[in-house]
Amino acid sequence: MIEILAAALFLPLFPFSMLLNGLLSRMGSPLARFLLTLLWPQVGIFVLHAAKQPVPEGFVAWSIASSGFYALRLLTVRDLGIWAGFLASSAVVLVWISSESDRHILAFWLSLPSALLFLLSGAIEKRCGAAYAGLSGGLATRFPRLSGLLVLTLLAAVATPPFPGFFAMLGLLQGASTEPAILFIWLLWGWAAIKLVQGFQSGSNEPHPANDIGRGATLMFACLFGIVVVASLYLKGGEL
């Protein structure tokens, strides 16, 4: 049981999830946040596998409650960095209800978009002083490439097709007794993302003496999303 509780620290069941979000909030480097978001749940899965114990039934309900709690928190958050951390906490915790063979890949697909949002948060902070929806409005006209990547990453983060998160969520829904709760959490993700996009894309703000992100960075992000979409479709046999 000690191993299961240790895994709960890394597959962040509330209140253990406060440690991850605390670390993310104190890290100044977007790259460090990116790496921590990807690696933290993988450690938990290794610990869970090492325990060689079935997941207690109570942990399924606990994971759904934790995910729903952070999904609701997303509706009130405007800081992109905090939003990304809360989304990672809401998404990765669903690994508890997946099959043992799918945990590593599921955690990767669900955490990757949140990790990428930390990189974009750093880019927005560099140009606007803060990555805060409403305060950093009008990105669509001022920084169109950065704005486009933000929207694309948010779509991936809330598991819209054809991104891998969509197929990961469908896999969780198949045969799950918690299907209504998962669908409600999924709905909250989309609602929160729409509110965030409105805050960043619409409105106007004082112009900043900064340039849009470079074409090379834009191309790199586009290629990355192309790779994950192709990988997602390949793993699912091209079935949407």
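Quick note: numbers below take in every heavy atom, side chains included, and nothing from hydrogens, waters or symmetry partners.
Leu39 and Leu110 are members of different hydrophobic clusters when ILVMFWY side chains are connected at heavy-atom separations under 4.5 Å. Side-chain heavy atoms closer than 4.5 Å link hydrophobic residues (I, L, V, M, F, W, Y) into clusters, and following such links, possibly through other members, connects Met18 to Leu24. Follow the hydrophobic side-chain contacts under 4.5 Å out from Leu183 and you never reach Ile194; the two are in separate clusters. Put simply, Phe46 and Phe108 are part of two different groups of oily side chains (I, L, V, M, F, W, Y) that touch within less than 4.5 Å, one to the next. Hydrophobic clustering (side-chain heavy atoms under 4.5 Å, transitive across Ile, Leu, Val, Met, Phe, Trp, Tyr) groups Trp189 together with Phe166.
The closest side-chain heavy-atom distance from Thr37 to Leu112 is not below 4.5 Å. The side-chain heavy atoms of Asn21 and Tyr70, taken from C-beta on, include a pair separated by under 4.5 Å. Side-chain contact between Arg127 and Arg142 is absent, with no heavy atoms from C-beta onward closer than 4.5 Å. For the pair Ile64 and Leu94, the minimum side-chain heavy-atom distance is below 4.5 Å. Residues Val93 and Ser17 have side chains not in contact (no heavy-atom distance under 4.5 Å, counting atoms from C-beta outward). Two residues are said to be in side-chain contact when any heavy atoms from C-beta on lie closer than 4.5 Å; Leu106 and Leu172 meet this criterion. Side chains of Phe163 and Thr160 form a contact here, defined as non-hydrogen atoms less than 4.5 Å apart. A 4.5 Å side-chain heavy-atom check between Cys223 and Leu219 finds at least one atom pair inside the cut-off.
The closest donor-acceptor contact from the side chain of Ser89 to the backbone of Gly85 lies under 3.5 Å. A donor-acceptor pair under 3.5 Å is absent between the side-chain atoms of Ser147 and the main chain of Phe143, judged by distance alone.
Scanning both residues, Ala131 and Ile124, for their nearest heavy atoms gives CA-CG2, 3.7 Å. Closest non-hydrogen pair, Ala159 versus Met169, comes out as CB-CG, 3.8 Å. Nearest heavy-atom pair, Ser111 versus Leu38, reported as atom, atom and distance to 0.1 Å: OG-CD2, 3.6 Å. Contact record, Ala193 with Val158: CB-CG1, 3.6 Å, taken as the closest heavy-atom pair. Listed here is the closest heavy atom pair of Ala6 and Phe10: O-CD1, 3.4 Å. Taking all atoms of both residues into account, the shortest heavy-atom contact from Leu9 to Trp40 is O-NE1, 3.2 Å.
Taken from OG in Ser90 to CG in Leu72, the straight-line distance is 8.5 Å, to the nearest 0.5 Å. If you take CD on Glu179 and CH2 on Trp186, they are separated by 10.5 Å, rounding to the nearest 0.5 Å. Taking CG from Leu20 and OG from Ser25, the interatomic distance works out to 9.5 Å, rounded to the nearest 0.5 Å. For the atom pair CZ of Arg33 and CG of Leu35, the computed distance is 12.5 Å after rounding to the nearest 0.5 Å. Note: Ser98 OG to Leu11 CG = 9.0 Å, rounded to the nearest 0.5 Å. Taken to the nearest 0.5 Å, the CG atom of Leu74 stands 11.5 Å off from the CD1 atom of Ile82.
When Thr153, Val92, Leu87 are each tested for a side-chain contact (heavy atoms from CB on, under 4.5 Å) with Ser114, only one passes: Leu87.
Using cut-offs of 30° and 60° on the angle between ring planes, the pair Trp96 and Phe59 is tilted.
Arg78 meets the side-chain contact (heavy atoms from CB on, under 4.5 Å) test with Tyr132, Ala133, Lys195; sequence neighbours excluded.
In this structure, Phe86 has its ring center at least 6.0 angstrom away from the ring center of Trp83.
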**Q.** Intermediate values then yes/no, side-chain contact (heavy atoms from CB on, under 4.5 Å), Ile97 and Ile182
**A.** CA-CA 11 Å; Ile97 64 177; Ile182 295 174; 3.4 Å; yes
